[in-house]
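Read the structure below first, then the notes.
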Number of protein chains: 2
Amino acid sequence: MKRTKVPTATVGRLSIYGRLLIQMEEEGVEVASSAQLAARCGLNPAQIRKDLAYFGAFGIRGVGYRVNELKDRLKDVLGVTRVWKVALVGAGNLGSALAAYRGFLAHGFEIDAVFDKYPNRCVLSAKKTVEVFGLKELKRVVSQRGIKIGVVAVPQEGAQSVVDQLVDAGIQGILNFAPIRPDVPEHVRVKNVDLGSELESLTFYLSKPVKG
Amino acid sequence: MKRTKVPTATVGRLSIYGRLLIQMEEEGVEVASSAQLAARCGLNPAQIRKDLAYFGAFGIRGVGYRVNELKDRLKDVLGVTRVWKVALVGAGNLGSALAAYRGFLAHGFEIDAVFDKYPNRCVLSAKKTVEVFGLKELKRVVSQRGIKIGVVAVPQEGAQSVVDQLVDAGIQGILNFAPIRPDVPEHVRVKNVDLGSELESLTFYLSKPVKG
DNA sequence: TTTTGTGAAGACATTCACAGCG
DNA sequence: CGCTGTGAATGTCTTCACAAAA
């Protein structure tokens, strides 16, 4: 077991491992070697062993890892043994889709409150139709409900202000879809997902002449 | 000017620079130093200079970069001087949202065809209501229309098969929202966006004790 | 002077290769 | 034996620091 800091690259892979293990468990696989895991997610076996070793998840030498055991250990490490309440800001096209997206629920996240500049729209969440609050109520609702995770799906212009309000309301982690890198205090974790940029970086490679 | 390979990390930042420059241009800024650019996107000035230097985008020593000129140069490098047609596969919650998402259009991407296992749903794209084709027609439509970019928004189970079909139809770049790392031939570029994983890696940090 | 462009240094991440345990 | 866990080697990305140019 290590006490060193876990690299962010490792953290990013943990949930891939988690999902793979769930899948293997469903297939009835009981034990898996790093080589088998690696083959199924396109990574290097040594990398998987190293990643897992950060958490003292002991495999069995000569055998591999117990799928069920490792899966539970990872869930625990990732903090997904509980359901996390999420505040979604922005009920436009993207926001509404995210509310309806069932992948979040599958991962243990539940959209608990939705906010928009124009709150008189309603939004269909994965579980039910959800009332949309105005932005003025953001701080009150988020802090009252103890929501710790925010998802920002508003246009560029409003994004930094929304992030500020979320931080002010006690949010600790933000998944940001607006095309900015918001300023946040050190204790707040931000993950940026910029759909436009992702496509643009694809075209960089496409517009190049065919390799040869 | 360099002839070395451009690091993927650099490519990922180009569109951030592009957007920043568009914004500065709108504000009437004519020249910007790497320090100013860096301040506005939260990066290191040296990194920006190095990134830009890969493309021989000469700044002016003692002055900075001409905003307008640099913006055009980057557009060119990224290949976003034209509109790219995109094939969207999966017209469920996420897919419908992506079709309606106006950010794509703003970046020069247009959803030109939508495919789904159950094609009798219709989908509202950013520009118009779009007919949804069945998966059987994917190859025909994509190759006939010369579409080179595919967006995959189907559940895990169907994802690899959809990717295979896209590749077979001549797609060269894929933006994949399914929680797998699809196998593709070397000439096809894939960008994975895994919304569940993004949230999970946030909780890793949240579930830790408050630093101190 | 000011700011670029870039080698060199440093930080970080991945892969190799093998000792050691089951 | 086979496979994990890990130091050492390699590779990649970021930052420093400064000579050269406008």
Side-chain angles (χ1 to χ4, degrees), chain A residues 1-14 16-17 20-21 24 29-71 73-74 77 181 192 201 204-205, chain B residues 1-17 20-21 24 29-67 69-71 73-74 77 181 192 201 204-205:
Chain A
M1 194 193 317
K2 295 261 194 66
R3 264 312 104 220
T4 350
K5 220 178 194 160
V6 182
T8 56
T10 293
V11 175
R13 282 186 294 264
L14 293 182
I16 297 175
Y17 301 152
L20 176 55
L21 289 164
M24 293 181 94
V29 181
E30 295 193 346
V31 172
S33 69
S34 62
Q36 290 173 297
L37 294 169
R40 291 190 52 158
C41 60
L43 298 173
N44 180 297
Q47 180 159 80
I48 294 187
R49 293 200 299 275
K50 196 156 258 196
D51 284 345
L52 297 178
Y54 281 107
F55 310 101
F58 293 120
I60 309 157
R61 294 180 190 227
V63 179
Y65 301 87
R66 272 186 219 296
V67 170
N68 183 279
E69 198 178 299
L70 183 56
K71 182 205 71 182
R73 190 81 193 80
L74 283 183
V77 164
R181 313 243 148 166
N192 296 299
S201 57
F204 173 82
Y205 296 101
Chain B
M1 197 199 307
K2 295 260 195 68
R3 261 314 103 221
T4 349
K5 220 174 193 166
V6 181
T8 57
T10 293
V11 174
R13 282 186 295 265
L14 293 182
S15 96
I16 297 175
Y17 301 151
L20 177 54
L21 288 164
M24 293 181 95
V29 181
E30 294 193 346
V31 171
S33 68
S34 62
Q36 290 172 296
L37 294 169
R40 291 189 54 160
C41 59
L43 298 173
N44 180 295
Q47 179 159 82
I48 294 186
R49 293 201 297 277
K50 197 154 259 199
D51 285 345
L52 298 179
Y54 281 106
F55 309 102
F58 294 120
I60 309 158
R61 294 181 190 226
V63 179
Y65 300 86
R66 272 184 222 298
V67 170
E69 198 177 298
L70 184 55
K71 183 205 70 182
R73 189 82 191 77
L74 284 183
V77 164
R181 314 241 147 169
N192 295 298
S201 58
F204 173 82
Y205 296 101

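We name chains A, B, ... by the order of the sequence lines, and we start the count at 1 in each one. Remember, it's a predicted structure, so these values are computed and weren't measured experimentally.
Spacing between atom CG of B/Leu52 and atom P of D/dT15 amounts to 15 Å, rounded to whole angstrom units. A straight line from OH of B/Tyr54 to C1' of C/dT6 spans 10 Å, rounded to a whole angstrom. Atoms CG (B/Asp51) and C1' (C/dT6) sit 13 Å apart, rounded to a whole Å. Rounded to whole Å, the distance from CD1 on A/Ile48 to P on D/dT6 is 16 Å. For the pair B/Leu43 CG and D/dT15 C1', the interatomic distance rounds to 12 Å; values are reported in whole Å. In this structure, the CD atom of B/Gln36 is 8 Å from the P atom of C/dT3, given to the nearest Å. Distance, B/Leu37 CG to C/dG5 P: 12 Å, rounded to whole Å.
Listed nucleotides D/dT14, C/dG5, C/dT3 differ in distance to B/Lys50; the shortest reach to its side chain belongs to D/dT14. Of the listed nucleotides (C/dT3, D/dT15, D/dT6), D/dT15 has the atom at the smallest distance from the side chain of B/Asn44. Checked against D/dT6, C/dT6, C/dT3, the side chain of B/Arg49 finds its nearest nucleotide in C/dT6.
Note that CD1 of B/Ile48 is 4.5 Å distant from OH of B/Tyr17, once rounded to the nearest 0.5 Å. To the nearest 0.5 Å, the span separating CD1 on B/Ile16 from CG on B/Leu43 amounts to 6.5 Å. For the atom pair B/Leu52 CG and B/Tyr65 OH, the distance stands at 5.0 Å (nearest 0.5 Å). One finds the CZ atom of A/Arg73 at 11.0 Å from the CG atom of A/Leu14 (value rounded to the nearest 0.5 Å). Here A/Lys50 contributes atom NZ and A/Asn44 contributes atom CG; the two are 10.5 Å apart, rounded to the nearest 0.5 Å. Between A/Met24 atom CE and A/Gln36 atom CD the span is 5.5 Å, to the nearest 0.5 Å.
Taking every heavy atom of both residues into account, B/Arg181 and A/Cys41 meet most closely at CG-O, 4.1 Å. Smallest separation of non-hydrogen atoms from B/Val31 and B/Val29: O-CG1, 3.4 Å. Residues B/Ala38 and B/Pro45 come closest through the heavy atom pair CB-N, 3.6 Å.
Proximity of A/Tyr65 to the phosphate of D/dG5: a side-chain N or O atom is located under 4.0 Å from OP1 or OP2. Within the structure, every side-chain polar atom (N or O) of A/Ser34 is placed at least 4.0 Å from both OP1 and OP2 of D/dC3.
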Detail all sub-3.5 Å separations between protein N/O atoms and N/O atoms belonging to nucleotides 19-22 of chain D.
{"from": "D/dA20", "atom 1": "N3", "to": "B/Arg61", "atom 2": "NH1", "distance (Å)": "2.9"}

Close N or O pairs between protein and nucleotides 10-13 of chain D (under 3.5 Å):
{"from": "D/dC13", "atom 1": "OP1", "to": "B/Thr8", "atom 2": "OG1", "distance (Å)": "3.4"}

